[in-house]
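In what follows, a structure is listed as structure tokens, so that the remarks can point back to it.
All figures in this text were calculated on a predicted structure; none of them were measured in a lab.
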Amino acid sequence: MDAFFAVLRGLPLTLLLTGSAFAIGVVGAVPVALGLNSKNRLIWLVCRLSVDLVRGIPVIVWLFMLKFGVQFDSFRLSPLAAAVLGLGVVSIAYLAEIYRGGLQAVPRGKVEAAQALGLRSRAVFFGVRAPLAFRIVSPSIATYLMSLLKDSSIASTIIVAEMVYQSQTYARQHPTVEGILPYVIVGALYILLSLPVAYASRRLDSRMRKEVYA
């Protein structure tokens, strides 16, 4: 039980880190996705290069760059702030691609039907295209959240005391057979946390397909 409670001490930070980075990604990805669908070649190019740059660098490298590279006089990012910012920026890039795919996957007939009713472009986008795109990508967003939950463990490398960091600390203090126990526990906790999201993702996928393509 000591190992269980030791790992459990990191659960609040794991949830905080995942939730904060996901919130940054969900909101921040909207303008980037619009840029990726823009007909303005300069805006499209800036967004395209930014997304490719962020996604091309491993998450752990971003965390180290933010933790040890951002410094103004005596100011430095705390490990938690660097982790939230790093995972948030990466989330923006990945979710922007998901949004872009959703916007492009909206059935053309539904957009044309709205235009035939005389709706203006803005009304067609916000009233028809964006809601349909959100329904299409909802399962992918839920799947990404599961991935982000597991990626939050990388924050342990910059000394954020989430669950993996706590399990490593316990394992070092008990370097016998018991040392493997916290890793088994942390693995089980990640599964338990992922199951509700996976279930919601499958339900959403089934429901949204019927609504969008009915």
Side-chain angles (χ1 to χ4, degrees), residues 1-30 32 50-98 140-176 178-198 200-201:
M1 290 302 288
D2 288 345
F4 176 75
F5 287 116
V7 174
L8 207 59
R9 280 200 293 269
L11 178 60
L13 268 185
T14 293
L15 295 178
L16 174 64
L17 184 54
T18 304
S20 301
F22 186 66
I24 291 173
V26 166
V27 177
V30 173
V32 181
S50 300
V51 168
D52 289 345
L53 173 67
V54 172
R55 296 202 310 168
I57 297 175
V59 177
I60 191 170
V61 176
W62 279 114
L63 298 196
F64 276 108
M65 285 196 296
L66 289 169
K67 175 65 180 69
F68 301 106
V70 178
Q71 183 173 2
F72 305 101
D73 295 329
S74 60
F75 171 79
R76 295 184 69 172
L77 288 174
S78 68
L80 179 60
V84 168
L85 184 58
L87 289 171
V89 169
V90 172
S91 296
I92 288 175
Y94 278 93
L95 288 172
E97 279 290 7
I98 292 174
S140 299
I141 294 173
T143 302
Y144 178 75
L145 177 58
M146 289 176 58
S147 174
L148 181 61
L149 173 66
K150 289 179 283 186
D151 283 348
S152 69
S153 63
I154 298 174
S156 64
T157 59
I158 58 171
I159 321 178
V160 176
E162 44 71 71
M163 290 197 298
V164 171
Y165 180 87
Q166 296 290 0
S167 64
Q168 289 173 331
T169 302
Y170 186 89
R172 280 196 296 270
Q173 293 171 348
H174 302 80
T176 60
E178 195 178 4
I180 195 174
L181 184 58
Y183 295 111
V184 174
I185 293 170
V186 78
L189 286 174
Y190 274 114
I191 291 173
L192 286 175
L193 291 172
S194 298
L195 284 178
V197 183
S201 175

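For the pair Val7 and Tyr170, the minimum side-chain heavy-atom distance is 4.5 Å or more. With contacts defined as side-chain heavy-atom distances shorter than 4.5 Å, the pair Leu85/Leu77 qualifies. No side-chain heavy atom of Leu189 sits less than 4.5 Å from a side-chain heavy atom of Leu11. Two residues are said to be in side-chain contact when any heavy atoms from C-beta on lie closer than 4.5 Å; Tyr190 and Ser152 meet this criterion. Within the 4.5 Å cutoff, no side-chain heavy atoms of Ile154 are placed close to those of Leu87. Side-chain contact check for Ser91 versus Leu148: some heavy-atom pair is nearer than 4.5 Å.
From Leu149, atom CG reaches atom CG of Leu193 across 5.5 Å, with rounding to the nearest 0.5 Å. With rounding to the nearest 0.5 angstrom, the OG atom of Ser194 is 8.5 Å from the CG atom of Leu145. The distance from atom CD1 of Ile57 to atom CE of Met65, rounded to the nearest 0.5 Å, is 4.5 Å. Taking CD from Glu97 and CG from Asp52, the interatomic distance works out to 7.0 Å, rounded to the nearest 0.5 Å.
Counting all heavy atoms, side chain and backbone alike, Arg55 lies closest to Ala93 at CG-CB, 3.7 Å. Across Val84 and Ser20, no two heavy atoms sit closer than the pair CG1-CB, 3.8 Å. For the pair Leu66 and Ala82, the tightest heavy-atom approach, listed with the atom from each and the gap, is CD1-O, 3.7 Å. Between Ala3 and Leu181, the shortest heavy-atom contact is CB-CD2, 3.8 Å. Scanning all heavy atoms of the two residues, the minimum distance from Val32 to Gly28 falls at CG2-O, 3.5 Å. Nearest heavy-atom pair across Ser140 and Ile98 is CB-CG2, 3.8 Å.
Taking a 6.0 Å sphere around CD1 of Ile159, one finds it holds 12 or fewer heavy atoms contributed by other residues, nucleotides or ligands.
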task = Just do the side-chain contact (heavy atoms from CB on, under 4.5 Å) check on Phe22 and Ile141 with the steps written out, would you?
result = CA-CA 10 Å; Phe22 186 66; Ile141 294 173; 3.5 Å; yes
Exercise. Any chance you could lay out the side-chain contact (heavy atoms from CB on, under 4.5 Å) test for Ser167 and Ile185, step after step, and finish with the verdict?
Key: CA-CA 8 Å; Ser167 64; Ile185 293 170; over 6 Å; no
Practice prompt. Report the C-alpha distance between Trp62 and Val90 in whole Å, list the side-chain angles of each, state the deciding distance to 0.1 Å, and finish with yes or no for side-chain contact (heavy atoms from CB on, under 4.5 Å).
Written response: CA-CA 9 Å; Trp62 279 114; Val90 172; 3.9 Å; yes
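Between the side chain of Thr14 and the main chain of Met163, a donor-acceptor pair closer than 3.5 Å is present. Checked by atom type and distance alone, the side chain of Glu162 pairs as donor or acceptor with a backbone atom of Tyr165 at under 3.5 Å. For the pair Thr18 (side chain) and Leu15 (backbone), a donor-acceptor distance under 3.5 Å is absent.
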